[in-house]
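Every chain is numbered from 1 and lettered A, B, ... according to where its sequence line falls, protein lines coming before strand lines. None of these values were measured; they are calculated from a predicted model.
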Amino acid sequence: MNESNINNVNEENPENKITPSNFVREIIDEDLKTNKFGGKVHTRFPPEPNGYLHIGHAKSICLNFGIAASYNGVCNLRFDDTNPSKEDVEYVDSIQEDIRWLGFDWEDRKFYASNYFDQLFEYAVQLIKKGKAYVCDLNAQQMKEYRGTLTEPGKDSPYRNRSVEENLDLFIKMRDGEFEDGSRVLRAKIDMASPNMNMRDPAIYRILRATHHRTGDKWRIYPMYDFAHGISDSIEGITHSICTLEFEAHRPLYDWFLDELEIYHPQQIEFARLNLNYTVMSKRKLLELVEQKYVSGWNDPRMPTISGLRRRGYTPESIRNFAERIGVAKRDNTINVALLEHSLREDLNKRAPRVMAVLRPLKVIFDNYPENQVEELEAINNPEDLSAGTRNIPFSKVIYIEHDDFREDPPKKFFRLSPGNEVRLRYAYIIKCESVVKDEKTGEITELHCTYDPETKSGTAQSGRKVKGTIHWVSAQHAVNAEVRLYDRLFSVEDPSSGDYKSFLNQSSLETLNDCKVEPGLLSAKVDERFQFERQGYFCLDSEDSKPGALVFNRAVQLKDAWAKIEKK
RNA sequence: UGCCCGAUCGUCUAAUGGUAGGACAACGCCCUUUGGAGGCGUAUGCAGAGGUUCGAAUCCUCUUCGGGCAGCCA
């Protein structure tokens with residue numbers, strides 16, 4: 001056990017930042033002090049493989065693996081696969097990929113609740129033999145009626161007092177497939193009048209003929225989550241079973257099983273799950289968005305799934321930092337999605353190479369620039385990290401600038417290009433707009449004629465002349481065409497769960513731009529690289545749709561836009 | 001209506017009986033060849049009422065409000 005475990009102090013995490021303490025760590029510190037688990041910390045992340053992991057799971061993953069790491073313990077991965085009718089290997093695979101991508105490692109500790117099915121069956125037999133479990137023939141509807149309500153106690157099942165022998169015989173017949181699905185269940189015999197509904201003789205085994213992704217057709221009965229989960233933690237020697245708040249009322253039931261079976265007791269600790277505004281987090285709803293094609297798949301860049309965030313351009317570091325700064329507590333919370341976005345910008349600002357890309361091109365012709373001349377201009381790859389070096393970008397007589405960077409009638413405080421006005425071209429010259437060419441029919445601006453000031457080349461002595469604005473550009477003859485996908489929040493209201501969430505879908509959550517012009521260096525971009533398109537945001541290649549001859553970029557997040565704010569006023 | 005849990009700036013989160021602090025968001029200003037980044041500054045909070053104490057966000061009581069629980073889901 002390492003020294004810092006004993007003290008209630010902050011730990012260094014791998015990113016060299018202070019990990020803030022939280023109530024879970026305080027409980028662990030206390031347990032270490034009292035030697036409750038012999039100085040050991042052993043956590044687990046227990047997903048059900050019935051969907052893709054989302055940012056809420058990331059919080060739990062960072063918590064469980066993070067705590068294990070900083071206390072010199074370990075963290076298991078365990079699939080809670082007790083309901084074969086909803087589970088699938090596709091999810092088992094994606095879950096592992098996502099956890100690894102986030103930067104965590106379960107080493108050789110990958111487990112499945114289904115590994116324990118034989119053991120679980122034996123434990124159930126043990127309960128029956130102790131007179132603590134019985135086979136009940138009530139159907140689902142009857143069971144519901146017998147259960148009582150929140151304010152009224154339930155009634156004992158008429159099958160509650162079967163003999164041990166009969167229960168054993170029936171349970172074995174359940175296992176051997178002699179009864180119909182749903183015709184009987186095995187129930188714990190606890191207290192039908194308990195104020196805790198979970199203690200009113202809960203079902204612990206149901207008959208279910210479904211092929212399990214691991215055990216195939218070996219079983220016709222499957223343990224319920226409540227029975228399997230706590231016992232699985234016990235079998236694995238977990239010290240601290242960290243889970244979300246809704247399982248708080250289940251803790252007495254887990255404790256009851258462990259006590260009756262006289263086996264090792266982990267300590268369960270419940271924390272509040274993550275909610276993000278402008279999104280939904282329930283697996284059911286995310287599944288619906290996928291199945292009903294509101295999004296392109298689990299990894300649609302607008303989804304709050306790990307795979308969606310990855311495809312969108314998020315980094316593991318940014319998600320880990322996010323998980324850290326939102327904290328861990330018991331009160332319900334809704335985090336501003338702006339904080340997630342901030343975490344990404346903060347990370348990429350330090351690391352992402354800058355490039356120039358014109359999303360909505362407007363042609364600019366320099367009337368005083370030599371016809372066939374091409375200059376190579378030096379540009380800094382990352383002003384936040386000079387060790388990233390420089391690159392050359394070509395400049396020539398015709399370039400593209402951003403349509404938004406020109407206004408024929410500039411409003412006040414518009415520092416960009418307008419007729420008769422000057423602007424700095426990033427890493428190039430100061431230019432002046434001399435005339436505007438429009439489409440005769442539509443009145444649409446089609447090109448600009450400008451002059452450049454040869455004395456103002458970046459890096460030269462006279463380049464110091466000040467102009468108010470600087471804009472980005474791409475040389476027309478050298479530009480590479482690309483498609484760019486601009487994403488906005490998936491929902492248009494802060495809390496889509498407040499009603500029919502699908503009616504709150506943001507109709508303009510995806511805008512596809514097909515005629516973008518990017519600097520030639522981007523031809524060699526790779527899928528896991530992220531770039532800052534100067535003055536616009538952070539982008540990456542789309543891992544599904546981008547092809548060598550047909551680049552597709554996703555916008556991960558916009559840069560902050562002070563002008564947009566000014567203009568709004 | 002029963003049981004359980006919770007309540008600190010707009011949003012998160014610290015404080016562990018001794019000056020309510022940080023982050024994001026907001027708003028100013030400075031700086032800037034990214035209207036980016038950065039710097040400086042401003043405003044905003046202990047749900048309410050009692051009690052214990054020299055002293056309470058912290059301990060106790062009541063009230064109010066929010067969340068969870070009545071699957072053979074997890």
Side-chain angles (χ1 to χ4, degrees), chain A residues 8 20-22 26 46-48 50 80-83 85-87 136 138-140 143-145 147-154 181-187 194-198 200 202-208 221-222 224-226 228-229 243-252 270 272 277 283-284 325-336 338-343 345-346 349-350 354 356 379-380 383-384 413-416 423-428 430 456 458-459 463-464 466-472 532-537 558-567:
Chain A
N8 183 2
S21 192
N22 57 53
E26 281 173 19
E48 184 192 13
N50 69 341
D80 255 322
D81 54 350
T82 55
N83 185 359
S85 66
K86 290 188 175 169
E87 296 154 8
C136 182
L138 257 25
N139 63 35
M143 244 179 94
K144 185 184 166 88
E145 286 160 14
R147 188 154 34 231
T149 68
L150 294 175
T151 52
E152 305 154 38
D181 281 16
S183 61
R184 286 178 168 83
V185 292
L186 181 71
R187 291 228 252 171
S194 172
N196 182 346
M197 299 294 283
N198 297 122
R200 320 246 261 227
I204 60 182
Y205 263 94
R206 78 283 219 183
I207 304 173
L208 178 63
I221 56 172
Y222 290 95
M224 299 291 292
Y225 171 87
D226 277 338
H229 188 82
C243 64
T244 44
L245 250 28
E246 69 270 25
F247 295 106
E248 202 156 25
H250 296 240
R251 184 164 14 111
E270 307 86 6
N277 60 6
K283 275 199 208 170
R284 197 205 96 230
R325 72 179 85 201
I326 60 175
V328 180
K330 291 194 78 160
R331 68 182 84 97
D332 291 326
N333 63 85
T334 304
I335 308 289
N336 286 150
L339 184 59
L340 215 211
E341 296 173 343
H342 169 81
S343 301
R345 281 193 208 102
E346 179 187 58
N349 176 50
K350 289 177 298 191
R354 272 60 169 171
M356 292 203 278
I380 295 167
E384 300 288 321
K413 291 196 176 177
F414 184 81
F415 301 152
R416 282 112 94 146
V423 77
R424 158 76 64 183
L425 250 26
R426 180 88 157 143
Y427 297 125
I430 292 176
T456 58
S458 283
S463 70
K466 300 280 181 206
V467 284
K468 240 345 188 170
T470 300
I471 63 172
H472 60 276
Q532 185 193 98
F533 287 5
E534 291 216 27
R535 304 207 304 133
Q536 307 195 96
Q558 267 179 286
L559 249 27
K560 282 203 221 163
D561 187 351
W563 167 243
K565 259 184 200 174
I566 296 168
E567 210 180 15

Checklist entry - Which of these nucleotides, C24(B), G36(B), C12(B), is closest to any side-chain atom of Asn349(A)? => result G36(B)

Checklist entry - How would you label the contact of Tyr222(A) with the nucleic acid (heavy atoms, under 4.0 Å): base, sugar-phosphate, or nothing? => result nothing

Checklist entry - Base, sugar-phosphate, or nothing: which does Leu138(A) touch, judged by heavy atoms less than 4.0 Å apart? => result base

Checklist outcome for this item: For U58(B), the nucleotide meeting Watson-Crick or G-U wobble distances (both under 3.5 Å) is none

Checklist entry - What is the nucleic acid contact for Ser343(A), judged by heavy atoms within less than 4.0 Å: base, sugar-phosphate only, or nothing? => result nothing

Checklist entry - Where the side chain of Leu150(A) is concerned, which of G36(B), A70(B), G6(B) is the nearest nucleotide? => result A70(B)

Next on the checklist: Applying a 4.0 Å non-hydrogen cut-off, can you work out what Pro383(A) is touching in the nucleic acid: base, sugar-phosphate, or nothing?
Outcome noted: base

Checklist outcome for this item: Taken to the nearest 0.5 Å, the spacing of Met143(A) CE from Glu145(A) CD works out to 12.0 Å

Next on the checklist: Suppose we define a pair by two distances each less than 3.5 Å, Watson-Crick or G-U wobble; what does G38(B) pair with here?
Outcome noted: C30(B)

Checklist entry - Which nucleotide in the set C5(B), U13(B), U33(B) lies at the smallest distance from any side-chain heavy atom of Arg331(A)? => result U13(B)

Checklist entry - Heavy atoms under 4.0 Å, any strand shown: does Lys565(A) hit a base, just sugar-phosphate, or nothing? => result sugar-phosphate

Next on the checklist: Please classify the nucleic acid contact of Glu48(A) as base, sugar-phosphate, or nothing, using heavy-atom distances under 4.0 Å.
Outcome noted: sugar-phosphate

Checklist entry - Do the ring planes of His229(A) and Phe247(A) sit parallel (below 30°), tilted (30 to 60°) or perpendicular (above 60°)? => result parallel

Next on the checklist: Please tell me if Thr82(A) has a side-chain N or O lying less than 4.0 Å from either OP1 or OP2 of C73(B).
Outcome noted: no

Checklist entry - Out of G35(B), U33(B), C24(B), which nucleotide sits closest to the side chain of Asp561(A)? => result G35(B)

Item to check | Spacing between Arg187(A) atom CZ and G71(B) atom P, to the nearest angstrom | outcome: 12 Å

Checklist outcome for this item: Judged by whether its glycosidic angle lies within 90° of 0, G36(B) is anti

Checklist entry - For the residue pair Ile430(A) and Thr456(A), what are the closest heavy atoms and their distance? => result N-OG1, 3.0 Å

Checklist entry - Using a cut-off of less than 4.0 Å, is there contact between a side-chain N or O of Arg535(A) and OP1 or OP2 of G35(B)? => result yes

Next on the checklist: If you only use heavy atoms from C-beta on, which nucleotide in U34(B), A74(B), C12(B) is closest to the side chain of Gln532(A)?
Outcome noted: U34(B)

Checklist outcome for this item: Walking RNA chain B from its 5' end, the first of Ala329(A) and His342(A) to be reached, judged by nearest nucleotide, is Ala329(A)

Item to check | Most 5' of Glu87(A) and Thr149(A) on RNA chain B, judged by nearest nucleotide | outcome: Thr149(A)

Checklist entry - Counting side-chain heavy atoms from CB outward, which of C5(B), G2(B), A74(B) is closest to Pro195(A)? => result G2(B)

Item to check | Lys/Arg N to Asp/Glu carboxylate O, Glu270(A) vs Arg251(A), below 4.0 Å | outcome: yes

Checklist entry - In terms of side-chain heavy atoms of Met197(A), which of G36(B), A70(B), U33(B) is nearest? => result A70(B)

Checklist entry - How is Lys468(A) classified with respect to the nucleic acid when contacts are heavy atoms under 4.0 Å: base, sugar-phosphate, or nothing? => result nothing

Next on the checklist: Set out, in order, the CA-CA distance, both residues' side-chain angles and the distance that settles side chain to side chain contact (heavy atoms under 4.5 Å, CB included) for Arg424(A) and Ser458(A), then state yes or no.
Outcome noted: CA-CA 9 Å; Arg424(A) 158 76 64 183; Ser458(A) 283; 3.4 Å; yes

Item to check | Asn83(A) side chain, from C-beta outward: closest of C12(B), A23(B), C73(B) | outcome: C73(B)

Checklist entry - With sugar-phosphate meaning primed atoms plus P, OP1 and OP2, does His250(A) contact a base, only sugar-phosphate, or nothing at under 4.0 Å between heavy atoms? => result base

Checklist outcome for this item: When both distances are under 3.5 Å in a Watson-Crick or G-U wobble arrangement, the nucleotide paired with A14(B) is none

Next on the checklist: Base, sugar-phosphate or nothing for Phe247(A)? Non-hydrogen atoms, less than 4.0 Å.
Outcome noted: base

Next on the checklist: Taking only side-chain N and O atoms of Lys560(A), does any of them lie within less than 4.0 angstrom of OP1 or OP2 on G35(B)?
Outcome noted: no

Next on the checklist: Assess the residue pair Arg535(A) and His472(A) against the criterion (side chain to side chain donor-acceptor pair (under 3.5 Å)); give the C-alpha distance rounded to whole Å, side-chain angles, the decisive distance to 0.1 Å, and a yes or no.
Outcome noted: CA-CA 8 Å; Arg535(A) 304 207 304 133; His472(A) 60 276; 3.3 Å; yes

Checklist entry - Within the structure shown, what part of the strands sits under 4.0 Å from Ile471(A) by heavy-atom distance: base, sugar-phosphate, or nothing? => result nothing

Checklist entry - Counting any heavy atom closer than 4.0 Å, what does Phe414(A) reach on the DNA or RNA strands: base, sugar-phosphate only, or nothing? => result base

Item to check | Whole angstrom value for the distance that separates P of A14(B) from CZ of Arg325(A) | outcome: 15 Å

Checklist entry - Say you pick atom C1' in U8(B) and the same atom in A47(B); how far apart are they, in whole Å? => result 10 Å

Checklist entry - Between Ile335(A) (CD1) and C12(B) (C1'), how many Å, whole number? => result 5 Å

Next on the checklist: So that I know where these two stand, are Phe415(A) and Trp563(A) an aromatic pair - ring centroids less than 6.0 Å apart?
Outcome noted: no

Item to check | Expected output: side-chain Arg187(A) to main-chain Pro202(A) donor-acceptor under 3.5 Å | outcome: no

Checklist entry - Across the strands shown, which category fits Asn139(A) at heavy-atom distances under 4.0 angstrom: base, sugar-phosphate, nothing? => result base

Checklist entry - Is Arg147(A) touching bases, backbone alone, or none of the nucleic acid, heavy atoms closer than 4.0 Å? => result sugar-phosphate

Checklist entry - Just checking Ala249(A): base, sugar-phosphate only, or nothing, at a heavy-atom cut-off of under 4.0 Å? => result nothing

Checklist entry - When you compare C5(B) with C9(B), how far apart are their P atoms, in angstrom units rounded to a whole number? => result 22 Å

